[in-house]
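Encoded as C-alpha cells, here's the structure I'll be asking about.
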Amino acid sequence: MQTKNRTYVLVLVISFLLGYIDCFSQANTEATDWKESESEYHSRMKEWNDARLGMFLHWGVYSTYGGEYQGTDYGKEAHGNASAEWIYLRANIPDEEYRKAARNFNPVQYDPAEWVKMAKDAGMKYIVLTAKHHDGFALFDSKASDWNIMDASDYKKDLIKGYVDECHKQGMLVGFYYSHNQDWFHHASPRQAPHPQSMEYNEFVKIQLKELLTQYGKIDILWFDTPNNEHIEFNRLCVSMVRKYQPECIINARIGSNLGDYVGGGDRAVVEPGKQGYKESIMTMRLNWGYDRNDDFWKSSDELITLVSQSVCRGSNFMLNIGPTPLGTFPPEDRSRLKALGEWMEINGEAIYSTEGSPFPKEYSWGSFTFNPETRRVFLHLYSWTGGNITADGIDSRIAKAYFLDNGEILEYNQDGVSNNLKISLPVVSKDKRLRIIALELEGDLVTDPVKGPDYIPPRIYHLNFKKIVGTIKKLDNCEFEIQGNLVAVKDGIDIYQENETTVKLSLNDHVRYRVNKNGEIIRTLGFDLYEDEKYAVVYSPNPDEPILEIITLLEDAK
Ligand code: JFZ
C-alpha cells in the first residue's frame with residue numbers, strides 16, 4: 001500500500017517536472033536564436049534614446065472607479081500611496097462586481113488620433129499604453145481568455161488597434177505596458193498570491209504576447225512591470241517572445257533578472273546623475289498613475305518642464321504619465337500641462353532631443369547641462385537659476401559663442417587662458433519664470449575635467465508621498481490640532497503600525513475631506529466636528545514646510 005502511494009507520487013512529480021522542463025525548453029530555444037552585436041544593440045536603441053520624451057498611459061477597467069470605492073480614497077490611502085489602478089486588489093472588489101465594471105467600461109469618446117496628436121504636440125516621440133495592467137484585463141482582442149475588451153465589455157472594439165494604427169500614421173514610436181508577473185484575475189494566479197508561476201499562466205502569457213507582437217505591425221517598446229527576479233525562466237520566456245516576433249523592439253528593465261535593454265529609476269523618480277548607459281525616468285502628472293477623481297495634487301507645468309530638463313541632463317529619457325478618463329478623454333488639467341510643455345519644447349527641443357547628459361556625478365547650483373555630439377553644442381539648463389552670473393566648472397572646451405536658446409540673445413562670457421574656466425554674464429535677476437537654456441557653440445569637441453566638475457549635490461528628485469497616522473487628537477484649537485499616534489506602513493499588503501508614537505501638527509484647510517467610519521462602513525460628511533481624545537485616521541502630505549491635511553476619518557462612532 002505504502003509503495004503504491006509512493007510510486008503514484010513519484011509519477012506525478014516526474015510528469016510535472018517533464019511538463020515544466022518542456023514548457024521552458026521551448027522558451028530557451030526561442031531565446032538562443034536571437035543574438036546581436038554591441039553595435040547592433042546601440043543602433044537598435046538609438047531612435048528611442050534620441051527621442052528623450054515619451055508619454056505613459058494607464059487606462060483600463062480601474063479607470064471607471066476613479067480611485068474611489070465605497071467612500072474610501074484608494075488613490076491616497078492604499079499601499080504605495082497612489083494606487084487608483086490597484087483598486088480591484090486593494091479594495092478587495094468582488095469578481096462579479098469588477099466584471100460589471102468591465103461591462104460598463106465603455107469609452108465612447110476615445111479618439112486615438114487625438115491622443116497621439118496631443119503627445120506629438122507636447123514634443124513626445126513615444127507612447128506606452130497599458131495593454132494589460134495587474135487586473136489582467138486586456139484592452140486588446142485576445143483569445144487567451146474572455147477577460148478582454150471584446151468579450152467582457154459592451155464596447156467591443158479593440159482599443160489597442162486604433163492606438164497602434166494612429167502611432168504608425170503619425171510617426172510615433174509605439175509601446176505596450178504588459179504586466180507579466182502580476183495578474184490578479186487569471187485563474188492560475190488568485191489575486192492574493194500575485195506572482196504566477198503556473199504552466200497554465202505561462203501559456204496564457206505566451207498567447208497574449210504573441211497576439212500583441214503579431215496582430216498590430218511594428219511594436220517599438222515592450223514595457224514589463226513588477227518583476228520577480230527569481231522567475232528567471234519565466235522572464236526569459238517573455239523576452240524570447242519579443243525577440244522572436246519583434247527583433248527591433250526594446251524591453252525595459254522591469255522585465256526582471258537583468259534581462260532588459262535599459263535601466264529605469266524608481267517609481268515616480270528621476271534617475272541619479274552621473275551614470276552611463278540607457279536610462280528612463282517615469283513620472284505622474286499628479287499622484288496616481290490611473291485616473292483618480294479625487295487626486296488634485298497636480299504638478300505645475302513649470303515643475304514638469306523642470307523634471308524633463310533635469311532627467312535629460314542626467315542622460316535619461318523621461319516618460320510622463322496620464323490617466324485617461326473611463327470615457328476615453330484626457331482630463332483638462334493634463335491637456336493644459338501638455339500644451340505648456342509643447343510650447344516649451346518647441347523653443348527648447350534642441351537642448352533635449354538627441355543629447356547626452358552631463359558626465360558629472362554632481363550638478364551646479366544653477367542647474368546642469370546636455371550635449372549634442374553631432375552639432376557640438378552644449379546646453380546649460382538653468383533650472384535652479386535665481387539670477388546673476390554663473391560659472392560652468394569642468395567644461396574645458398573653448399567656446400565660440402554663447403546665447404539664450406529662446407530668443408537668441410548673445411551672452412558675454414570669459415574663459416581664463418590656463419584652465420578655460422567658463423564664466424557667463426547674466427542679468428542679476430531672472431525675469432522669466434520659465435526654465436531658460438543657454439546654448440554654447442564649441443570650437444572643438446567637448447572636453448570635461450572630472451576633477452574640476454561641479455560640487456553641488458542635488459536632493460533626490462522623487463515624488464511626494466502621503467503618510468497615514470492613526471491616533472488621538474490633542475491640543476485642539478480652532479482649525480489647528482495635534483494628532484498623537486502611530487504611523488501606518490504597509491508590508492505585504494497589510495497595514496502595520498510603527499512602534500514609536502509620533503505627534504503631527506496639522507490644520508484644517510479647504511480641500512481636506514472628512515469621513516466617519518461607522519463599524520467599517522465609511523460615510524462622507526460635510527460639516528464635521530473634531531473631538532479631543534477621540535481616535536482618528538489622518539492622511540497627510542509630508543511637505544517640507546508643513547504637513548498638509550488630506551483626509552480625516554473618525555474611527556469610532558461619534559458622540
Ligand atoms: C508599478 C505598478 O504597480 C503601478 O501600478 C504602475 O503601473 C507603475 C508604473 O509601476 O509600480 C511600481 C513599480 C516599481 C516600483 C514602484 C512602483 N519601484 O521599483 O519602486
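We count ligands from 1, going down the list as the structure has it; atoms in each ligand are counted the same way. What you see is a predicted model, and the numbers here were worked out from it, not measured in a lab. Heavy-atom basis, side chains included; hydrogens, waters and symmetry copies ignored.
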Applying side chain to side chain donor-acceptor pair (under 3.5 Å), which residue pairs with at least one partner in residues 101-112 are found, sequence neighbours left out? Arg103-Asp154

Min N/O separation Trp289 to ligand 1 under 3.5 Å: no

Does Gln182 approach ligand 1 within less than 4.0 angstrom via side chain, backbone, both or neither, non-hydrogen atoms only? neither

Which atoms from ligand 1 have a heavy atom of His133 less than 4.0 Å away? 4 (C), 5 (O), 6 (C), 7 (O)

NZ/NE/NH1/NH2 to OD/OE distance under 4.0 Å, Arg293 and Asp295: no

Does Asp73 come within less than 4.0 Å of Arg513, counting only side-chain N to carboxylate O? yes

At a 4.0 Å threshold, what atoms of ligand 1 neighbour a non-hydrogen atom of Trp86? 2 (C), 3 (O), 4 (C), 5 (O)

I'd like to check whether Asp225 has a polar contact with ligand 1, where a contact means an N/O of the residue lying under 3.5 Å from an N/O of the ligand. yes

Check this for me: does any side-chain nitrogen of one of Lys125 and Glu47 sit under 4.0 Å from a carboxylate oxygen of the other? no

Given Glu85, Arg268, Met283, identify the one with the heavy atom nearest to atom 4 (C) of ligand 1. Glu85

Looking at Tyr155, I'd like to know if the NZ or CZ of Lys157 sits under 6.0 Å from its six-membered ring centre while staying within 45 degrees of the ring's axis. yes

Does the pair Arg99 and Asp95 meet the rule for a salt bridge (charged side-chain N to carboxylate O under 4.0 Å, His left out), with working shown? CA-CA 6 Å; Arg99 270 192 190 275; Asp95 285 355; over 6 Å; no

Tyr177 heavy atoms, cut-off 4.0 Å: which ligand 1 atoms fall inside? 7 (O)

Below 4.0 angstrom from a heavy atom of His58, which ligand 1 atoms are there? Numbered from 1 as shown, please. 6 (C), 7 (O), 9 (C)

In terms of atom number and element, which parts of ligand 1 are under 4.0 angstrom from non-hydrogen atoms of His134? 2 (C), 3 (O)

Applying ring pair (Phe, Tyr, Trp, His ring centres under 6.0 Å), name anything that partners Phe56, two or more places apart in sequence or on another chain. His58, Trp223, Trp289

Please say whether Thr226 places an N or O atom under 3.5 Å from an N or O atom belonging to ligand 1. no

